[in-house]
Student: 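What follows is a structure written as structure tokens; I'll ask about it next.
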Amino acid sequence: MGVVVLDGSTVRDFVEDEEAFQKSADERFATLDLNGDGVLSRAELRKALETFRLMETHFGVDVVTPPEQIGALYDSIFEQFDCDGNGTVDRDEFRSELRKMMLAIADGLGSSPIQIAVDDGDGKSFLKEAADLEAAKIAAAISPP
Ligand SMILES: [Ca+2]
Ligand SMILES: [Ca+2]
């Protein structure tokens, strides 16, 4: 394990490196597409969001979120990904939404660096950490004040 320091420009550079970003996004997509049909269903995306520990990171220790509220949260995230509203998230939708979220994170981070732990030489865990952040960010953006 090592630690990298990440700030807005690091994230932005990553997203703007078209080839690297696309590769990471595609790898993640393939991991999430459990039945291998080339699209993400609602259930597959939900599983992914659970993996991102969305609830733990955002809703914290002293708040118990009712299941129907969690369901609504997952639904609204799914709809954000499913741009054409056909009920599944394809590779392009996934990639472009991921890019938007990463850029939003980059804006949020600005020039205040944060430290994240990564497995040495494992590019995927960088994306995973970034994904944790973006999941928390979506939760913050769409949950009631
Ligand atoms: Ca699938
Ligand atoms: Ca779609």
Side-chain angles (χ1 to χ4, degrees), residues 1-60 65-144:
M1 292 288 281
V3 168
V4 296
V5 177
L6 189 68
D7 67 7
S9 64
T10 316
V11 176
R12 201 178 303 272
D13 287 350
F14 177 66
V15 175
E16 283 170 0
D17 184 341
E18 192 69 37
E19 204 174 315
F21 178 76
Q22 189 162 320
K23 188 165 174 286
S24 293
D26 286 355
E27 276 171 11
R28 177 147 290 265
F29 185 92
T31 312
L32 300 181
D33 182 15
L34 297 174
N35 66 355
D37 66 353
V39 292
L40 299 184
S41 65
R42 215 169 264 265
E44 284 168 340
L45 189 70
R46 176 168 183 152
K47 212 170 190 62
L49 295 169
E50 284 167 352
T51 314
F52 294 167
R53 306 189 306 274
L54 183 62
M55 296 308 141
E56 287 165 56
T57 53
H58 183 64
F59 292 103
T65 308
E68 63 271 22
Q69 206 171 317
I70 295 178
L73 179 64
Y74 283 135
D75 279 350
S76 67
I77 294 172
F78 183 85
E79 275 146 29
Q80 238 176 299
F81 272 92
D82 183 19
C83 297
D84 63 5
N86 70 345
T88 56
V89 175
D90 63 33
R91 203 173 284 259
D92 286 341
E93 286 172 337
F94 181 75
R95 208 186 276 154
S96 77
E97 194 56 37
L98 196 60
R99 182 189 306 272
K100 266 192 265 173
M101 292 198 304
M102 298 285 279
L103 289 173
I105 291 169
D107 287 345
L109 285 175
S111 54
S112 320
I114 53 159
Q115 290 193 341
I116 59 168
V118 292
D119 294 327
D120 290 327
D122 182 356
K124 272 185 218 163
S125 58
F126 167 69
L127 189 67
K128 169 143 185 12
E129 293 300 327
D132 282 350
L133 283 171
E134 87 209 358
K137 190 144 184 124
I138 310 171
I142 66 182
S143 65

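Residue numbers count from 1 along this sequence. Computed from a predicted model, the values in this text were never measured in an experiment. Side-chain atoms are counted along with the backbone in the values below, which use heavy atoms only and exclude waters and symmetry mates.
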Student: Hey, does the side chain of Glu79 reach the backbone of Tyr74 with a donor-acceptor pair shorter than 3.5 angstrom?
Tutor: no
Student: Rounded to the nearest 0.5 Å, what separation is found between the NZ atom of Lys100 and the OG atom of Ser96?
Tutor: 5.5 Å
Student: Just by distance, with hydrogens left out, do Thr10 and Asp7 show a side-chain donor and acceptor under 3.5 Å apart?
Tutor: yes
Student: Classify the ring geometry of Phe81 against Phe94: parallel below 30°, tilted from 30° to 60°, perpendicular beyond 60°.
Tutor: parallel
Student: Taking the side chain from Asp33 and the backbone from Asp37, do they hold a donor-acceptor pair closer than 3.5 Å?
Tutor: yes
Student: Kindly compute the distance separating CD1 (Ile77) from CD (Glu97), expressed to the nearest 0.5 Å.
Tutor: 10.0 Å
Student: With rounding to the nearest 0.5 angstrom, report the CG to NZ distance, Asp26 to Lys23.
Tutor: 10.0 Å
Student: Between the main-chain N or O of Val89 and the side-chain N or O of Asp82, is there a donor-acceptor pair closer than 3.5 Å?
Tutor: no
Student: Kindly give the heavy-atom pair with the smallest separation between Gly71 and Arg46, and that separation in Å.
Tutor: CA-NH1, 4.4 Å
Student: Using side-chain heavy atoms (C-beta onward) and a distance below 4.5 Å, is Arg42 in contact with Thr88?
Tutor: no
Student: Given Glu93 and Leu40, is the side chain to side chain contact (heavy atoms under 4.5 Å, CB included) satisfied, shown in steps?
Tutor: CA-CA 10 Å; Glu93 286 172 337; Leu40 299 184; over 6 Å; no
Student: May I ask you to test the Glu16-Phe21 pair for a side-chain heavy-atom distance under 4.5 Å?
Tutor: no
Student: Under the criterion side chain to side chain contact (heavy atoms under 4.5 Å, CB included), I'd like the reasoning laid out for Arg95 against Phe29: C-alpha separation, chi angles, the key distance, then a yes or no.
Tutor: CA-CA 8 Å; Arg95 208 186 276 154; Phe29 185 92; over 6 Å; no
Student: Kindly indicate, with the supporting measurements, whether the criterion side chain to side chain contact (heavy atoms under 4.5 Å, CB included) is fulfilled by Glu44 and Leu34.
Tutor: CA-CA 7 Å; Glu44 284 168 340; Leu34 297 174; 3.9 Å; yes
Student: Which one of Val11, Val15, Leu98 satisfies the side chain to side chain contact (heavy atoms under 4.5 Å, CB included) criterion with Leu103?
Tutor: Val15
